[in-house]
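Hydrogens, waters and symmetry mates are skipped; everything else that's a heavy atom, side chains included, is used.
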Amino acid sequence: MADTTYPLEKTRNIGIVAHIDAGKTTTTERILYYTGRLHKMGEVHDGTTQMDWMPQEQERGITITSACTACFWKEHRINIIDTPGHVDFTIEVERSLKVLDGCVVIFDGVSGVEPQSETVWRQADRYQVPRLAYVNKMDRVGADFFMTVHQIAERCGAVPVPVQLPIGAEAGFKGMVDLIRGKARIYLDDLGKEFREEDPPPAMQAQIQEWRTKLFERLAEADDVIMEAFAHDQKVEPDQIMAALRRATVANRIVPVLCGSSFKNKGVQPLLDAVVDYLPSPLDIPPIQGTDPETGEKIERKTLPEEPFCGLAFKIMSDAFVGKLTFIRVYSGRLTSGSYVYNANREEKERIGKLVRMHANKQEIIDSISAGDIAAAVGLKQTKTGETVCDEDKPIVLQSMHFPEPVVSLAIEPETSLDQDKLGLSLAKLQEEDPSFRVTYNQETAQTIISGMGELHLEIVMDRLKREFKVGATVGRPEVAYKETITKSVESVGKFIQQSGGRGQYGHVEFLIEPAERGQGVQFVNKVVGGAIPKEYIPAVKEGVFEAARTGVLAGYPVIDMVVTLHDGSYHDVDSSEIAFKLAASIGLKDGLRRASPQLLEPIMNLEVVVPEEYLGPVVGDLSSRRCRIVEMTQRANAKVIKGEVPLAEMLGYATVIRSLSQGRATYTMEPLAYLPVPRNVQEEITTRKAAAGTPAGRR
């Protein structure tokens, strides 16, 4: 068993995040090679990388699930999580950023800041994760380091500070200048192992001086020590500059920018140096905040092994040999295998069977993990993603993470009666692993509905059902997850009165139902005064409202963005009950929804299409026919970039269409933007289809 303790100041927990195809997995493979974790570099296009270990990842050349590993560089242990770039798997980025101390955001030097780059940047902002920027693919035609730096400032709202400048670009890219030490690194071989340090090329002196001045100006704005030195015209040593850069990066005031070409093995070692030099250790992160589950008071835990144990379960993975693996980030205290932990969210004790350190899908058994570390536990049966495990005597509930709402649904049916039981169990396991994947049962149609973040997401689910779980299943065509809302305020009365000899049922509620702002969901407000409805029946009324809101009156879709205020009602001393008030609330809400001018909402996507100029006309014409609102059109190298907003319903199966329109040369990416009203003619079409089928629209 491996020794698990390592100095916290020499530990780095980092993520590699980026837009799809910017070079995350290739960079991670190079990091593992140079740190001695791998003896042979794998390539994404060959399907031979260590971090993309799933068959689905190797076949498609994309990352689907975040993979953890650990390596050593300059006496520092670096725990790395390589994350997916495709928007359908954004939950993997979300949960990784929640538990990491820092991250490396990789940008494609040709494409600059792409849509998913902005999304991961916003996710990192949400969790206040310090980051480095690495401009990759500097050897590619059209690579432009300074354009990318400008876009990071403009589109991400950050303060990018180059600490390196590229020497040459495209085919002529051969190294970089270190602005802090004023030295050039020239690579001599294809493996990137042999390089020489020399003075920078004379032709670059003016450019180096300009960017060194900018570096010092930005640092002086962000750091008082450098400001003081500048004010008194003192010489600043490289070590002082690096210390100031570290302080400013950890405080999220600036973002150091590096450059390289991971595929050509140039720039990876300086990137590793920067991870060690500038990204925070667990000790640099503020103490974790949580709440006491009994009193609701705010409490905090310092990143120390002596503190009471607390950790966050951030990922669940099914393993064919050991069963369920629960990935845990330990924030305080110590966790040993064979010990018991307390799930503060569920108020249950669970036993840790064993602890393992992960290297992609390989496991290394360890005795214990301590504050600031990440490992996986075997044996936690009840614990779900986002839940807190802690010391039973000192309970704490940590803030969970944000799970996006699914936007695409499929009806799924087992192929044989033998698959029937296996299907339910397999879907439950997949849902446990992936909180952005949902399984629901439609009572009206007796169908199981699976919902996810996009067509690719559900395609991977179906592939995994077949390969991993050996379940045969058929699916209907993808359906969009519409929502319903209301457009005007109404008063509504709900009564449930039943007299059938003996004790009856009596519930009476009066609501004010009003539209809410977009993204507010359903809000329930209790304004009953004077005991018109006894307090013990209010939770039943609330439950009735939320249950009734799950199926709207237009087409059976969930209702969102409304405020339901309970302001009056009445009860009967003998006949009133919780069930009577729950049913009364349901009747009252449905009645109000019908009269509140209900409206269908559809998911609108942010779309970016990159298309060679010769195919621009057909692609734009096709987008117009899909109700796409084109926001802007820009040039990128010899291609046009179309940005627009388009209803998801119009984009199902678009991958095939765009391939045929451009002979396979155009690419596109989409990510959720908002739910907006459906045009009247489309709404009528959906409701008519629902009425004809006698089922919720589209779920046939």
Between I396 and T291, is the side-chain contact (heavy atoms from CB on, under 4.5 Å) condition met? List the steps. CA-CA 6 Å; I396 183 173; T291 52; over 6 Å; no

Run the side-chain contact (heavy atoms from CB on, under 4.5 Å) check on D178 and V163 step by step: do they pass? CA-CA 6 Å; D178 180 338; V163 292; 5.7 Å; no

Give the C-alpha distance, both sets of side-chain angles, the deciding distance and a yes or no for side-chain contact (heavy atoms from CB on, under 4.5 Å) between L245 and I180. CA-CA 10 Å; L245 256 174; I180 296 169; 3.4 Å; yes

Salt bridge (Lys or Arg N to Asp or Glu O under 4.0 Å) for K298 and D292? Distances and angles first, verdict last. CA-CA 6 Å; K298 288 261 182 269; D292 187 314; over 6 Å; no

Please lay out, stage by stage, how D273 and K74 fare under the test salt bridge (Lys or Arg N to Asp or Glu O under 4.0 Å). CA-CA 8 Å; D273 291 342; K74 294 193 172 173; 2.9 Å; yes

With side-chain contact (heavy atoms from CB on, under 4.5 Å) as the test, would you mind laying out the steps for I31 and I80 before giving the verdict? CA-CA 10 Å; I31 286 172; I80 300 174; 3.6 Å; yes

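The main-chain N or O of G386 is found under 3.5 Å from a side-chain atom of S400 such that the two form a donor-acceptor pair. Under a 3.5 Å cut-off, the side chain of S339 and the backbone N or O of L335 do not form any donor-acceptor pair. With hydrogens and angles disregarded, a donor-acceptor distance shorter than 3.5 Å links the side chain of R438 to the backbone of P435. No donor-acceptor distance shorter than 3.5 angstrom exists from the side chain of N13 to the backbone of L100, with no hydrogens or angles considered. Although no hydrogens or angles enter the test, the distance criterion places no donor-acceptor pair under 3.5 Å between the side chain of R95 and the main chain of M401. For Y33 (side chain) and N265 (main-chain N/O), no donor-acceptor pair under 3.5 Å exists by modelled atom type. A distance-only check finds a donor-acceptor pair linking the side chain of R131 to the backbone of V129 [under 3.5 Å]. A distance-only check finds a donor-acceptor pair linking the side chain of T83 to the backbone of I16 [under 3.5 Å]. A donor-acceptor distance shorter than 3.5 angstrom exists from the side chain of E307 to the backbone of K302, with no hydrogens or angles considered.
Rounding to the nearest 0.5 angstrom, the gap separating the CG atom in D223 from the CD1 atom in I254 is 8.5 Å. If you take CD on Q431 and OG1 on T385, they are separated by 11.0 Å, rounding to the nearest 0.5 Å. In this structure, CD1 on I365 lies 13.0 Å from CZ on R357, to the nearest 0.5 angstrom. Here L219 contributes atom CG and D224 contributes atom CG; the two are 12.0 Å apart, rounded to the nearest 0.5 Å. Here the straight-line distance linking atom CZ of R30 with atom CG of N136 works out to 9.5 Å at 0.5 Å rounding. Going from atom OG of S451 over to atom NE2 of H457 covers 10.0 Å, rounded to the nearest 0.5 Å.
In this structure, a donor-acceptor pair under 3.5 Å is absent between the side chains of E347 and Y342. Side-chain contact of E350 with T383: a donor-acceptor pair under 3.5 Å is present, judged by distance alone. A side-chain N or O of R334 and one of S368 form a donor-acceptor pair less than 3.5 Å apart. A side-chain donor-acceptor contact under 3.5 Å links S262 and T27.
Salt-bridge annotation for K381 and E432: absent, with no side-chain N of the basic residue lying under 4.0 Å from a carboxylate O of the acidic one. Ion pairing of R181 with E197 is present here, as a side-chain N (NZ or NE/NH1/NH2) and a carboxylate O approach within less than 4.0 Å. Checked for salt-bridge contact, K266 and E194 miss the test: no charged N lies under 4.0 Å from a carboxylate O. Look at D373 and R77 and you find a salt bridge, because one of the NZ, NE, NH1 or NH2 atoms lies within 4.0 Å of a carboxylate O, short of that distance. Taking 4.0 Å as the cut-off between side-chain N and carboxylate O, K315 and E92 count as a salt-bridged pair.
Both tests do not hold together for R126 against W121: distance to the six-membered ring centre under 6.0 Å, angle to the ring axis within 45°. Geometrically, R329 engages Y331 in a cation-pi contact defined by less than 6.0 Å to the ring centre and at most 45° from the axis.
Within a 6.0 Å sphere centred on CD of E348, other residues, nucleotides and ligands contribute more than 12 heavy atoms. Other residues, nucleotides and ligands place no more than 12 heavy atoms under 6.0 Å from the OH atom of Y340. The environment of E300 atom CD is dense: over 12 non-hydrogen atoms of other residues, nucleotides or ligands sit within 6.0 angstrom. By the neighbour-count criterion of 12 heavy atoms within 6.0 Å, atom NZ of K384 is densely surrounded, having more than that number from other residues, nucleotides or ligands.
At a threshold of 4.5 Å between non-hydrogen side-chain atoms, the residues V378 and K324 do not count as touching. Two residues are said to be in side-chain contact when any heavy atoms from C-beta on lie closer than 4.5 Å; P287 and T303 fail this criterion. K137 places none of its side-chain heavy atoms less than 4.5 Å from the side chain of F107. Counting heavy atoms from C-beta on, the side chains of I366 and K354 never come closer than 4.5 Å. Residues L272 and I78 meet the side-chain proximity criterion, which asks for heavy atoms closer than 4.5 Å.
Contact record, N79 with A70: OD1-CB, 3.4 Å, taken as the closest heavy-atom pair.
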